[in-house]
Student: 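Quick one: the structure is below, and I'll ask about it shortly.
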Amino acid sequence: NAQVVGVSRDDVVTLKYWVKKLKLTFPLLSNISGYLGDYYGVTGNEKFVFNRRTVIIDKKAVIRYAKDGSPNYEEIIATLKKLNQEGGKS
């Protein structure tokens with residue numbers, strides 16, 4: 001019940017390099033303008049400061065988790081488990 005997607009302000013050519021270099025198995029999206037952050041309301045106060053942010057968005061496009069800085073994998077897994085449990089009830 002989840003899909004990992006990386007979103008970056010890098011251009012497509014740079015992202016293709018990182019996918020190959022890091023042997024990523026999930027897609028990376030180029031978001032040079034930052035519109036996705038604006039759309040989901042997760043853009044920081046300083047629009048042109050590029051911070052790392054982890055966001056989990058459910059199937060109804062509701063943000064269920066957002067945190068700045070390096071990923072906290074324990075929190076991410078806990079949130080995904082909760083979403084998976086909720087998904088089984090519908």
Side-chain angles (χ1 to χ4, degrees):
N1 286 330
Q3 170 68 48
V4 173
V5 178
V7 180
S8 172
R9 289 194 179 225
D10 290 326
D11 61 79
V12 173
V13 173
T14 301
L15 295 181
K16 284 181 180 182
Y17 166 81
W18 284 114
V19 167
K20 185 176 178 181
K21 171 106 173 137
L22 299 173
K23 299 177 183 171
L24 300 178
T25 58
F26 56 87
L28 294 181
L29 304 178
S30 177
N31 184 40
I32 293 172
S33 69
Y35 74 92
L36 282 174
D38 291 340
Y39 179 79
Y40 284 108
V42 293
T43 305
N45 291 335
E46 299 178 37
K47 266 186 119 134
F48 296 103
V49 175
F50 307 129
N51 295 323
R52 179 176 285 184
R53 179 169 289 140
T54 301
V55 180
I56 297 175
I57 304 169
D58 70 16
K59 291 180 179 182
K60 295 180 181 178
V62 175
I63 295 173
R64 301 294 294 266
Y65 174 90
K67 187 168 185 176
D68 291 339
S70 294
N72 181 321
Y73 297 109
E74 291 174 357
E75 290 179 3
I76 292 167
I77 294 297
T79 302
L80 292 174
K81 283 181 179 180
K82 182 178 177 184
L83 287 173
N84 191 46
Q85 290 171 348
E86 290 173 7
K89 294 177 184 175
S90 44

Student: If I compare all heavy atoms of Ile63 with all of Ala66, which pair ends up nearest, and what's the gap?
Tutor: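 Here Ile63 and Ala66 meet closest at CG2-CB, 4.2 Å.
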Student: Using residues 69-78 as the side-chain source, report each donor-acceptor pair under 3.5 Å to any protein atom, sequence neighbours left out, with the distance given to one decimal.
Tutor:
residue : atom : partner : partner atom : Å
Asn72   : OD1  : Glu74   : N            : 3.2
Asn72   : OD1  : Glu75   : N            : 3.0
Asn72   : ND2  : Glu75   : OE2          : 3.4
Glu75   : OE1  : Tyr65   : OH           : 2.7
Glu75   : OE1  : Lys67   : NZ           : 3.4
Glu75   : OE2  : Lys67   : NZ           : 3.3

Student: Is there a path of hydrophobic side-chain contacts, each under 4.5 Å between heavy atoms of I/L/V/M/F/W/Y residues, joining Val4 to Ile57?
Tutor: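 No, separate clusters.
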Student: Measure the CG-CZ distance between Asn31 and Arg9 for me, rounded to the nearest 0.5 Å.
Tutor: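 Here the rounded value is 6.5 Å.
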Student: Who pairs with Lys60 by side chain to side chain contact (heavy atoms under 4.5 Å, CB included), at least two apart in sequence or on another chain?
Tutor: Asp58, Val62
Student: Please table the atom pairs, donor to acceptor, closer than 3.5 Å between any side-chain atom in residues 11-21 and protein atoms at least two apart or in another chain.
Tutor:
residue : atom : partner : partner atom : Å
Asp11   : OD1  : Val13   : N            : 3.0
Asp11   : OD1  : Thr14   : N            : 2.9
Asp11   : OD1  : Thr14   : OG1          : 3.3
Asp11   : OD2  : Thr14   : OG1          : 3.1

